[in-house]
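Data first, discussion second: the structure below is written as structure tokens.
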Amino acid sequence: MNPVSREFYRRDPREVAPELLNKLVVRGDRVGRIVEVEAYVGAIDAGSHAFRGMTPRNATMFGPPGHLYVYFTYGMHWCANAVCGDDGEGLAVLLRALEPVDGLDEMRAARGVKAVRDRDLCSGPAKLAQAFGIDGQFDGADIVTGDRGVLICDDGMAPPSKPGQSARIGLAAGKGHEHPWRWFVTGNPHVSRGVPGKPPTPKRRPR
DNA sequence: ACCGGGATGTTCT
DNA sequence: GAACATCCCGGTG
């Protein structure tokens, strides 16, 4: 394979994100093509985990580029980002959806849900993390050297010349939901079903 | 197709 | 205590 260089990531995530489209996420036999991403822009972005500065949780975001920032959310899901920019900036690109290319059986086994169609394997940030077995152990993994077995590679397919673009998914009002920092491969069925501007309705747990 | 509710637990106010 | 870069399943149309 041909890993993307560290310098590729050492830029504004709004430049990096659309260029990550059509690149490959690789872990062993499992391979997926990136079809949807979102940029998170640190101190100027109320939607970013880095907006209020460094904490133990988001420390990886403030580290060097070309590593995974993996976080836990909604009590049960992991999501994976590629850290961008320079050391200390707190910039990242969230991997939101992949088109499965190889290792689909392994992905299906890792997903664990019944009756999964191919398009349900990796069509969402937590789905793709689960399909690839990416959890908190992978926070900080180097995706340029592949120190923990996960790489982002270039197989020669160029990014779309005119990617789809929209506001980001799942952000509440006042949390940067207006910024058009989501990019996707137009028409690809493996793009997530999320709708920009429709954050999850607040739920109340019984008790 | 589009809804609504439940599952889970960490982080931050 | 509320929010959270979510997903699944079962209802209704």
Side-chain angles (χ1 to χ4, degrees), chain A residues 13-14 16-18 20-21 25 34-62 67-85 89-98 100 107-140 165-184 189-207:
Chain A
R14 291 165 290 186
V16 174
L20 277 174
L21 295 175
V25 176
I34 299 172
V35 296
E36 179 183 353
V37 289
E38 286 175 356
Y40 286 86
V41 196
I44 67 161
D45 178 6
S48 171
H49 290 171
F51 184 58
R52 289 175 181 82
M54 189 165 69
T55 66
R57 176 206 205 188
N58 65 20
T60 301
M61 269 185 103
F62 289 87
H67 293 252
L68 285 185
Y69 164 51
V70 181
Y71 68 90
F72 186 67
T73 193
Y74 287 105
M76 58 178 77
H77 297 301
W78 297 96
C79 298
N81 298 253
V83 176
C84 293
E89 293 193 298
L91 308 173
V93 172
L94 173 66
L95 304 177
R96 281 201 57 92
L98 310 177
M107 293 181 194
R108 213 177 310 273
R111 290 276 284 112
V113 291
K114 306 268 184 195
V116 235
R117 300 165 295 174
D118 288 359
R119 64 152 72 84
D120 295 318
L121 286 173
C122 299
S123 54
K127 294 182 193 177
L128 73 88
Q130 188 180 35
F132 277 70
I134 294 173
D135 61 14
Q137 307 249 27
F138 289 79
D139 185 38
Q165 186 172 3
S166 80
R168 295 171 296 179
I169 304 222
L171 296 183
K175 300 281 188 167
H177 66 296
E178 73 277 12
H179 298 304
W181 293 340
R182 168 179 180 248
W183 290 267
F184 55 95
H190 299 86
V191 169
S192 77
R193 298 297 194 93
V195 179
K198 307 267 181 184
T201 56
K203 303 294 191 332
R204 248 163 243 193
R205 235 185 311 178
R207 177 106 309 215

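Reminder, nothing fancy here: chain letters follow the sequence lines and each chain counts from 1.
A sub-4.0 Å separation between OP1 or OP2 of dC7(C) and a side-chain N or O of Arg193(A) is absent. Look at Lys175(A) and you'll find a side-chain N or O under 4.0 angstrom from OP1 or OP2 of dC4(C).
Pairs engaging residues 36-51 of chain A under the salt bridge (charged side-chain N to carboxylate O under 4.0 Å, His left out) rule: Glu36(A)-Arg96(A), Glu36(A)-Arg182(A), Glu38(A)-Arg96(A), Asp45(A)-Arg168(A) [sequence neighbours left out].
Between Leu91(A) atom CG and Arg14(A) atom CZ the span is 8.5 Å, to the nearest 0.5 Å. To the nearest 0.5 angstrom, Asp118(A) atom CG is 10.5 Å from Ser123(A) atom OG.
Atom CG of Leu95(A) is separated from atom C1' of dA5(C) by 12 Å (rounded to the nearest Å). Residue Asp135(A) contributes atom CG, which lies 18 Å from atom P of dT6(C) at whole-angstrom precision. Taking atom CZ of residue Arg119(A) and atom C1' of nucleotide dC7(C), one finds them 17 Å apart after rounding to whole Å. Following rounding to the nearest Å, Asp120(A) (CG) and dT6(C) (C1') show an atom-to-atom distance of 14 Å.
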Result block: side-chain N/O donor-acceptor pairs under 3.5 angstrom for residues 128-139 of chain A, not counting sequence neighbours:
unit_1    : atom_1 : unit_2    : atom_2 : d
Gln130(A) : OE1    : Arg111(A) : NH1    : 2.7
Gln130(A) : NE2    : Arg111(A) : O      : 3.3
Asp135(A) : OD1    : Gln137(A) : N      : 2.9
Asp139(A) : OD1    : Thr60(A)  : OG1    : 3.1
Asp139(A) : OD1    : Val70(A)  : N      : 3.0
Asp139(A) : OD2    : Thr60(A)  : OG1    : 3.0

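When the side-chain contact (heavy atoms from CB on, under 4.5 Å) test is applied to Phe72(A), the partners found at least two apart in sequence or on another chain are Trp78(A). Residues passing the side-chain contact (heavy atoms from CB on, under 4.5 Å) test with Ala50(A), sequence neighbours excluded: Ser48(A), Met61(A), Phe62(A). Judged as a side-chain contact (heavy atoms from CB on, under 4.5 Å), and not counting sequence neighbours, the contacts of Phe51(A) are Ala46(A). His49(A) pairs by the side chain to side chain donor-acceptor pair (under 3.5 Å) definition with Tyr69(A), not counting sequence neighbours. Residues passing the side chain to side chain donor-acceptor pair (under 3.5 Å) test with His190(A) are Asn188(A), sequence neighbours excluded. Annotation: ring-ring contact (aromatic ring centres under 6.0 Å, His included) contacts of Trp181(A) (sequence neighbours excluded): His179(A). Here Gln165(A) pairs with Pro180(A), Trp183(A) under the side-chain contact (heavy atoms from CB on, under 4.5 Å) rule; sequence neighbours left out.
Each of Lys127(A) and Glu38(A) was matched to the nucleotide of DNA chain C holding its nearest heavy atom; the match closer to the 5' end belongs to Glu38(A).
Of all the residues in residues 71-83 of chain A, Tyr71(A), Tyr74(A), His77(A), Asn81(A) reach under 4.0 Å from DNA chain C with at least one non-hydrogen atom.
Within 4.0 Å of Arg111(A), counting heavy atoms only, lie sugar-phosphate atoms of the nucleic acid but no base atom. Contact annotation for Gly170(A): backbone-only contact, meaning every heavy-atom pair under 4.0 Å involves sugar-phosphate atoms and none involves a base.
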Could you list, one pair per line, each protein nitrogen or oxygen that sits under 3.5 Å from a nitrogen or oxygen of nucleotides 11-13 of chain B, together with the distance?
unit_1  : atom_1 : unit_2   : atom_2 : d
dC12(B) : OP1    : Thr55(A) : OG1    : 3.0

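For Pro125(A), taking side-chain heavy atoms from C-beta onward, the closest of the listed nucleotides dC7(C), dA5(C), dC8(C) is dC7(C).
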| remark: A correct dot-bracket answer for DNA chain C, with pairs being Watson-Crick or G-U at under 3.5 Å, [ ] for crossing pairs and | for inter-strand pairs, is ||||.|||||||.
